[in-house]
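This one's a predicted model, so the numbers in the text were calculated from it and none came from an experiment. The chains referred to below are lettered A, B, ... by the order of the sequence lines, with proteins before strands, and numbering in each begins at 1. Values below: all heavy atoms of this structure, side chains included; hydrogens, waters and symmetry mates excluded.
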Amino acid sequence: MIFGIFIVVLLLLAALLFIAVVAIYNRLVALRNRVKNAWSQIEVQLKRRHDLIPNLVETAKGYMQHERETFIRVTEARAKAMGAGSGSVKEVAQAETGLSEALTKFLLTVENYPELKANENFLRLQEELTSTENRIAYARQAYNDDVMALNNKIEMFPSNIIAGIFNFTKSDFFELEDKGERKAPQVKF
Amino acid sequence: MWEIIESNKRRALWLFIALFCVLVIFGALVGEVFLPAEQPFTGPGVWLGIGAAALLAAILGAIAYWAGDDIVMSVNKAILVTKQQHPQLYNIVEEMQIAAGLDRMPEVYIVVDDAMNAFATGIRPEKSAIAVTDGLVERLSRDELQGVIAHEMSHILNRDVLFMSFAGVLLGSITMASEGFLRGFFYSRGSRRGKLSGGRTHPVILLLTIAFAVLAPILARIFYFAISRRREYLADATAVRLTRYPLGLASALEKIAADSRDLGMYNRFTAPLFIVEPLVNRREARRSFFSIGSTHPPVEERIRILRTLTGAGFRDYQGAFMKVTKEATLIPERILRDKAAVPLRQPPPGDAQATEPTSEQKHRDIGDLLMATAGFLFLPCACGLKVKVPPTLGKASFPCPRCGRLLLLPSITTDAMHTRPEPAPEETVEDEPLFYERKSNGWESFACSCGNIINLSPLFRGRTMTCRRCGRKIMISYPY
């Protein structure tokens with residue numbers, strides 16, 4: 001009799017434990033998927049930036065014949081950033097920081113060309129670029145929030161045990177290296 | 001972020017249950033009054049009353065759910081815009097969608113109105129939309145517009161539209177039921193009442209029902225408005241969390257508060273949706289006793305909270321909120337889980353002084369405004385002087401006081417604009433739009449082809465305007 005009750009209690013405890021493990025596991029998977037989703041959102045926006053640059057350069061070229069160096073720097077930074085596209089979060093962040101720097105310098109140079117600043121096509125591209133920089137910033141913000149949630153779960157008890165068993169790894173934050181370049185390049189007209 | 005949404009849902013559910021209980025109790029009382037039973041609350045009247053009340057709420061709720069968004073949009077005469085038509089506005093909405101992590105891009109609408117306001121709808125999340133007025137888009141900078149859009153996006157994100165719409169439906173049901181009861185009761189006094197079932201209404205129940213009918217709508221409204229105000233603060237907090245830039249929203253609210261135009265399509269049912277109260281005099285009356293009956297918190301307090309923020313987290317907003325309003329907590333402490341500081345974005349350099357007009361300029365603008373209301377005309381001369389012509393001039397041309405150049409009064413003499421009551425018939429036939437090209441940023445006047453003199457203020461940035469006399473559309477262009 002007593003043995004029977006003992007068995008039932010044991011079974012109940014095992015069932016409870018199982019449910020808890022499943023719940024935590026599912027939560028971890030959901031968080032990991034959210035991070036993945038947020039990362040793909042960043043990639044979409046980075047690609048948008050890469051696609052925008054040739055247009056921008058093409059429009060500006062006619063007005064800025066003496067700035068070959070600036071153009072080369074932007075184009076090279078873009079090529080590098082596109083090459084880093086499949087790498088780790090850190091590599092992508094580094095390459096994109098380089099591209100941001102080159103773009104900021106380019107937009108500062110534009111200040112010296114009033115005709116270019118009045119060009120309607122350029123203004124349109126300028127708005128697109130501003131928007132894209134904002135999008136990257138907001139996508140990064142969302143991604144980092146999600147990474148924080150996932151990493152917390154992986155480190156905290158009791159979910160850390162389940163994370164260890166099923167090999168959940170912490171994700172990297174998407175951080176831009178140079179603090180000065182955190183801001184989107186702001187150009188006043 | 002997600003905790004806030006959860007807490008919002010719970011709170012909305014309570015509001016919901018409370019309002020529904022009020023409605024059901026009221027239904028039962030009314031049923032008892034009209035169909036009294038021998039023993040109070042045992043007859044069929046009670047159940048009929050409850051059923052009728054629930055049915056009323058269900059019908060209104062179904063209308064709100066299936067057609068509410070379309071009704072709101074058409075009541076406000078909002079026009080759907082695409083990315084091609086308004087790239088910047090569209091971009092900003094997309095940016096905020098990314099920041100909010102919403103799966104679906106809300107539709108973007110423009111309300112053709114010179115007032116500055118914005119609202120969000122979306123009772124069904126898959127049909128959410130954000131609408132802004134023409135005046136808002138024209139007069140706000142990119143950062144300010146972003147703040148406003150973020151606020152509206154927060155309403156969608158926090159599911160405010162859904163819950164406030166249904167709470168509004170229950171509120172409407174209570175109001176309708178009580179009005180119907182009071183009218184029906186005093187009309188049928190002594191004639192049919194009580195004869196259907198043969199019983200007599202207990203006088204206490206009768207008094208109770210009348211008191212309920214008078215008080216319930218008022219109390220429900222105060223309750224509803226209190227929650228509506230709170231949600232505005234919460235949407236501000238969420239907007240800051242999204243943009244990390246409270247100064248944009250703060251300066252947008254300042255501009256909107258300084259604007260004195262009422263929204264043309266005012267409707268008291270859609271008023272709680274807007275970012276600020278659409279009627280200016282209601283906005284001004286906020287400090288008075290009646291502020292408990294206003295749907296929006298005072299704009300000044302919202303601005304002050306935003307200006308004092310030192311971080312973008314909810315915790316920072318909570319602190320500033322308590323300091324400014326002296327009220328208790330806005331967000332329950334237990335759900336404030338984000339311990340980590342959320343840094344703010346710094347304002348772009350040189351932004352503040354660019355938008356601040358000098359005091360001399362302000363004086364001049366006020367003077368111009370007074371002259372415009374007194375019927376003065378404003379003629380920009382080629383030398384750069386803005387000549388103010390009194391309505392009593394009586395001449396068709398005069399020399400410019402600075403450079404001596406001969407200036408012509410706009411096409412029609414001043415007295416004609418008072419005496420000619422209707423446009424000439426041949427002018428009404430032609431249906432082509434008129435064009436006017438602006439010459440400066442200041443006050444300007446021109447004559448419509450019907451002879452009506454139209455003054456443009458420096459703030460006017462619209463693309464079209466309608467002549468007050470002949471109703472013709474005039475396209476305004478800005479070549480500078």
- Could you point out which residue of A:Thr130, A:Thr132, A:Asn134 forms a side chain to side chain donor-acceptor pair (under 3.5 Å) with B:Glu95? A:Asn134
From [X] atom [atom1] to [Y] atom [atom2], the distance as rounded to the nearest 0.5 Å:
X: B:Glu94; Y: A:Tyr138; atom1: CD; atom2: OH; value: 13.5 Å
X: B:Gln88; Y: A:Glu128; atom1: CD; atom2: CD; value: 10.0 Å
X: B:Leu242; Y: A:Gln141; atom1: CG; atom2: CD; value: 7.5 Å

- Under 4.5 Å from a heavy atom of chain B, the part of A:Glu127 involved: both
- Give, as side chain, backbone, both or neither, the part of A:Ala142 having an atom under 4.5 angstrom from any heavy atom of chain B. side chain
- Message: For A:Ser159, give me all partners under side-chain hydrogen bond (donor to acceptor under 3.5 Å, both in side chains), at least two apart in sequence or on another chain.
- Response: none
- Message: Applying side-chain hydrogen bond (donor to acceptor under 3.5 Å, both in side chains), can you list everything that pairs with B:Gln97, at least two apart in sequence or on another chain?
- Response: none
With a cut-off of 6.0 Å (strictly less than), are more than 12 heavy atoms of other residues, nucleotides or ligands near [atom1] of [X]?
X: B:Asp103; atom1: CG; result: no
X: A:Lys47; atom1: NZ; result: no
X: A:Arg27; atom1: CZ; result: no

